[in-house]
Amino acid sequence: MIRVLHSELQSNIGGIEAFLLNLTKTIDKTNLQFDFLMRGDNPYLETTLKDYGANIYKVPSGMSNYYKFVKNILIKNNYDFVHVHKNSAANIVLPLMVKKYTNAKLIVHSHNTSPSGGSKVAIILHKINKNKLMRLSDYRFACSDTAAAWMFGHDYKDEQVKIIKNGIILKDYVYNSEMRNKVRTDLRLTNKFVIGHVGAFREQKNHKFLLKLFSQLNIPNAELVLVGEGSLKEKMKSYVKELGIQDKVLFLGSRNDVNNLLQAFDIFAMPSLWEGLSIAAIESQTSGLPTLVSTNFPSDVKITNQLHFLPLQDNSWIKEIEKIETEKNKNRLNNNKLVENAGYDMRLSAKIVRNVYMGKIKYE
């Protein structure tokens with residue numbers, strides 16, 4: 001039995017959590033055991049992962065308590081791999097512990113192109129630690145070339161880093177008109193032109209920009225649906241009131257049915273300040289949605305002609321949204337084959353990851 005510890009899950013389902021959910025649901029678990037470190041609580045996430053045979057260890061707050069707890073987990077379970085999922089190299093405590101207390105192979109998996117918080121301190125620590133993290137790791141994964149360069153340096157060699165695309169479970173995103181009508185009825189969005197966004201309320205996702213441009217749209221029946229949680233959520237709710245659009249903005253919180261919500265949208269918009277490679281943008285294209293993203297996204301994210309890169313200027317987004325609104329009666333496309341051919345089928349990503357765990361792919 002190959003034992004793998006993944007670190008770490010957060011209570012809000014973001015890109016890392018979505019990737020790990022899809023991986024756990026898809027990978028061949030023959031002779032393979034997944035365990036997870038987790039901060040906070042998310043009943044859906046925990047129940048789903050446990051149903052697939054995983055163990056979840058809730059890490060305590062405070063560095064001293066964290067260190068003692070994780071040290072015990074590492075020593076007790078004799079892992080073959082510790083798979084660390086990171087947005088930056090700012091914190092390398094766990095990789096150092098893996099090397100000190102275990103014989104496990106360390107996989108460092110880059111999921112972003114800047115720290116989630118974007119603070120100056122985090123950026124400085126990242127620059128200091130990334131070379132050390134490169135040396136500590138036995139295997140290096142990244143969701144895109146851009147994310148690989150961010151975590152491991154622009155001079156990394158292709159043979160040193162394996163690109164593992166953020167695969168999704170394609171069948172879950174096939175457009176379904178009945179589901180669209182049900183969700184729109186449940187959310188009281190019938191006869192609305194719905195702009196959707198999925199992402200944690202943090203600086204990276206640039207919600208303030210999205211709210212401002214939405215307030216300037218000349219589409220009377222437009223509605224904005226925001227899915228996610230995060231530290232900036234209450235601040236954005238106050239900004240919505242300041243703009244006077246509180247009757248046209250829905251805050252849905254963290255959801256486990258994003259695939260169904262996408263059916264109800266007419267546009268998907270993500271004006272992020274930075275991105276490694278957004279699973280949400282892959283999902284939206286799979287569901288046949290016009291998808292608007294900022295020019296800060298890596299080029300890899302474009303799979304269909306329905307995705308458009310836009311500069312962070314209000315007028316560009318307003319013009320594109322109003323153009324799409326005039327074409328809203330177009331049929332939704334089934335883009336599954338395009339997404340599969342682009343390598344974003346989780347079955348392919350899971351096969352590559354399993355081959356590493358099983359020793360069929362070796363590089364160091």
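This structure is a prediction, so every number in the text was calculated from the model and none was measured.
Among residues at least two apart or in separate chains, salt bridge (Lys or Arg N to Asp or Glu O under 4.0 Å) pairs with a member in residues 78-102 are K99-D138.
By the 30° and 60° cut-offs, the orientation of the rings of H197 relative to F268 is parallel.
Checking S272 against E275 by side-chain atom types alone, a donor-acceptor pair falls below 3.5 Å.
Taking the six-membered ring for Trp and the full ring otherwise, H83 and F34 have centroids separated by 6.0 Å or more. Aromatic rings of F209 and W317 (six-membered ring for Trp) have centroids within the 6.0 Å cut-off, being under it.
Counting only heavy atoms from C-beta outward, the side chains of M270 and K205 approach each other to under 4.5 Å. In this structure the side chain of Y52 reaches within 4.5 angstrom of the side chain of K29, judged on heavy atoms. Within the 4.5 Å cutoff, side-chain heavy atoms of F201 are placed close to those of F251.
With hydrophobic clusters built from ILVMFWY side chains whose heavy atoms lie under 4.5 angstrom apart, I169 does not share a cluster with L23.
Apart from V121 itself, the hydrophobic cluster it occupies contains L125, where clustering links Ile, Leu, Val, Met, Phe, Trp and Tyr at side-chain heavy-atom distances under 4.5 Å.
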Test log, rule salt bridge (charged side-chain N to carboxylate O under 4.0 Å, His left out), inputs K165 and D300 = CA-CA 10 Å; K165 293 189 175 182; D300 318 42; over 6 Å; no
Test salt bridge (charged side-chain N to carboxylate O under 4.0 Å, His left out) applied to R184 and D266, step by step | CA-CA 11 Å; R184 288 171 72 91; D266 295 297; 3.4 Å; yes
Could you go through the salt bridge (charged side-chain N to carboxylate O under 4.0 Å, His left out) check for E229 and K233 one step at a time?
-> CA-CA 6 Å; E229 294 288 348; K233 183 177 178 180; 3.1 Å; yes
For the pair H85 and F141, evaluate ring pair (Phe, Tyr, Trp, His ring centres under 6.0 Å) and give the outcome as yes or no after the intermediate values.
-> CA-CA 9 Å; H85 303 263; F141 294 167; 8.5 Å; no
Check the pair E46 / K58 against salt bridge (charged side-chain N to carboxylate O under 4.0 Å, His left out), numbers first and verdict last.
-> CA-CA 10 Å; E46 296 169 48; K58 301 286 192 70; 3.3 Å; yes
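Around CG of N305, the count of heavy atoms belonging to other residues, nucleotides or ligands within 6.0 Å does not exceed 12. More than 12 non-hydrogen atoms from other residues, nucleotides or ligands lie less than 6.0 angstrom from CG of D51. Summarising the local packing, CG of N218 is surrounded by 12 or fewer heavy atoms from other residues, nucleotides or ligands at distances under 6.0 Å. A 6.0 Å sphere centred on NZ of K212 holds no more than 12 heavy atoms belonging to other residues, nucleotides or ligands.
In terms of heavy atoms, A281 sits closest to V301 at CB-CG2, 3.7 Å.
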